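Report on one structure; see the data block that follows.
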Protein chains: 2
Amino acid sequence: MIERTARPIPLKKNEITDRTVGRLVAYRRLLQGLEEAGAALISSKMIGDMLGIKSSQVRKDLSYLGEFGKRGVGYSVPRLLNDLSSILAPFARWRIGLVGLGRLGEALLGHSAFRSDDYEIVAAFDVDGAKIGRSFAGWKCYSMTGISETIRELGISVLMITTPAAASQSAVDAALAGGHIKGILNFSPVSLTVPQGVEVNDVDISVELEKLLFRLKFNDQQRKVSAGLETNMVQ
Amino acid sequence: MIERTARPIPLKKNEITDRTVGRLVAYRRLLQGLEEAGAALISSKMIGDMLGIKSSQVRKDLSYLGEFGKRGVGYSVPRLLNDLSSILAPFARWRIGLVGLGRLGEALLGHSAFRSDDYEIVAAFDVDGAKIGRSFAGWKCYSMTGISETIRELGISVLMITTPAAASQSAVDAALAGGHIKGILNFSPVSLTVPQGVEVNDVDISVELEKLLFRLKFNDQQRKVSAGLETNMVQ
DNA sequence: CCATGTGAAGCCTTTCACAGCT
DNA sequence: AGCTGTGAAAGGCTTCACATGG
């Protein structure tokens with residue numbers, strides 16, 4: 001993979017939103033494929049169509065970061081990819097610890113989505129004595145006892161939490177004790193309490209499934225109501 | 001677990017948003033814990049504090065579905081739990097197929113978040129001949145060949161996609177051929193194209209991680225800038 | 001003539017603030 | 001007095017539409 005240099009984020013607005021960042025990551029991924037395929041130019045319309053987004057949204061997102069396109073022409077694929085990569089690149093490669101070596105944790109260790117120049121998982125943690133000291137998919141499992149020291153020693157500043165709900169808060173409390181953790185990606189279905197200044201991003205898989213299922217239920221009902229098969233009255 | 005009856009959704013507004021549904025699921029989960037702990041009453045303020053949400057947001061969400069509380073008192077925990085459960089309950093238990101038995105797929109099969117009265121995973125699918133016919137965490141793996149027939153036979157109407165990016169679209173095309181699939185929870189990092197009427201919810205784990213990391217980078221930069229160690233100029 | 005970059009409009013979500021009931 | 005339910009205000013995000021430049 002080509003090395004890109006990190007640089008300060010030259011924002012035109014004071015704040016760039018999470019939603020925009022999510023799309024920037026998607027643009028980068030799309031452009032990586034296009035570059036490999038040898039594409040030289042791309043328009044905001046094409047990007048939007050491939051990702052299911054309006055072209056104006058693509059242009060707005062990119063405009064927060066500078067002027068990358070040529071009017072009447074479009075964007076240079078390699079140039080835009082390079083600019084997006086350097087904007088998204090960290091100052092130094094993030095070192096991530098995974099807390100909770102259950103099924104999900106183990107799956108994330110080996111997940112292809114977690115191969116990146118921007119970050120690397122450097123260790124896993126679990127309470128299970130049978131796992132401690134062993135390696136999983138190439139990563140060593142450390143004890144939860146002394147986790148904050150291990151975090152300091154290994155230079156970890158980000159955690160992924162895949163512990164069972166009941167264990168998550170106490171695991172986080174122990175891990176944050178040393179003050180080295182800056183951010184948490186939380187897969188456990190609880191709302192974590194953390195000190196001021198620590199960022200948390202929740203990824204709640206069962207909530208995402210339920211959101212989908214509710215839309216489906218609502219669709220079904222609409223279909224039935226409009227077909228006159230059922231009424232929509234309060235019971 | 002107590003059986004709750006599904007009922008038509010008696011909406012006060014014409015449309016209930018995804019965001020609200022996500023929070024309703026979180027409220028239900030919280031109330032399950034509270035009920036087990038024997039709590040009888042709860043206020044919107046308490047719910048909000050426990051989930052990191054404003055009390056007005058909690059009341060607004062609940063108000064879309066009816067009037068469940070008593071002014072001056074709060075909400076009855078068992079009553080609210082029951083109402084939320086019946087609102088979220090499907091007409092019939094959703095039958096889900098998992099497509100792609102890699103690490104992530106296998107982790108989801110056994111994931112505790114996927115034990116629910118609302119849905120059940122009934123089968124897994126993969127292209128790997130070594131996996132087909134075998135059982136994984138109790139679920140049988142079927143071939144991708146003939147997937148649309150298997151979907152019909154097993155009464156599957158929802159898919160979870162955990163295939164590698166390059167395989168996802170063709171797997172989805174094959175699976176949707178019979179017209180039985182109504183919704184897809186897509187874990188693969190691609191934007192899927194589906195026929196009109198099929199709902200897709202994307203869960204992009206690496207995007208979620210990158211969103212967190214970008215916030216951290218931005219925080220770092222802000223700290224440096226305000227400490228006068230670095231400027232924020234465009235390169 | 002084509003596609004970007006961007007104010008302004010439109011839409012959606014959250015928060016406020018208070019009337020209304022217990 | 002306390003807490004819900006809810007219009008209205010505020011805030012945030014997306015889309016429009018067009019001036020701008022190639």
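Source: prediction; values computed, not measured. The chains referred to below are lettered A, B, ... by the order of the sequence lines, with proteins before strands, and numbering in each begins at 1.
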- Task: Give a yes or no on whether the backbone of A:Asp117 and the side-chain of A:Arg93 come within a donor-acceptor separation of less than 3.5 Å.
- Result: yes
- Give me the one residue out of B:Leu31, B:Leu24, B:Val25 that meets side chain to side chain contact (heavy atoms under 4.5 Å, CB included) with B:Arg28. B:Val25
- For A:Ser55, which contact category applies under a 4.0 Å heavy-atom criterion: base, sugar-phosphate, or nothing? nothing
- Compare side-chain N and O positions of A:Ser44 against OP1 and OP2 of C:dT4 and report whether any pair is under 4.0 Å apart. yes
- So what is the 5' to 3' dot-bracket string for DNA chain C, if pairs are Watson-Crick or G-U wobble with both distances under 3.5 Å, crossing pairs use [ ] and | means the partner sits on another strand? ||||||||||||||||||||||
- Task: Sugar-phosphate atoms are those with a prime plus P, OP1 and OP2; base atoms are the rest. Using that split, label each nucleotide of nucleotides 16-22 of chain C B, S or - for protein heavy atoms under 4.0 Å, 5' to 3'.
- Result: BB-BBBS
- Task: Return the value, rounded to whole Å, for the distance between atom CZ of B:Arg23 and atom C1' of C:dT15.
- Result: 12 Å
- Item | Between C:dT4 (P) and A:Leu62 (CG): distance, integer Å | 9 Å
- Mind checking whether A:Ile96 and A:Met160 have side chains closer than 4.5 Å, heavy atoms only? yes
- Message: Whether A:Tyr75 contacts C:dC2 is assessed here as follows: a side-chain N or O lying under 4.0 Å from the phosphate OP1 or OP2. Is that the case?
- Response: no
- Query: Hey, does A:Thr20 reach any base, or is it just sugar-phosphate, or nothing, if we go heavy atoms under 4.0 Å?
  - Reply: nothing
- Which value, rounded to the nearest 0.5 Å, describes the distance between B:Leu62 atom CG and B:Asp83 atom CG? 9.5 Å
- Query: Hey, does the side chain of A:Asn201 reach the backbone of A:Leu185 with a donor-acceptor pair shorter than 3.5 angstrom?
  - Reply: no
- Task: Rounded to the nearest angstrom, tell me the gap between atom CG in B:Asp18 and atom P in C:dC12.
- Result: 14 Å
- A:Lys45 NZ - D:dC16 C1' separation (whole Å): 16 Å
- Task: Looking only at non-hydrogen atoms, find the nearest pair between A:Gly105 and A:Thr162 and report the distance.
- Result: CA-OG1, 3.5 Å
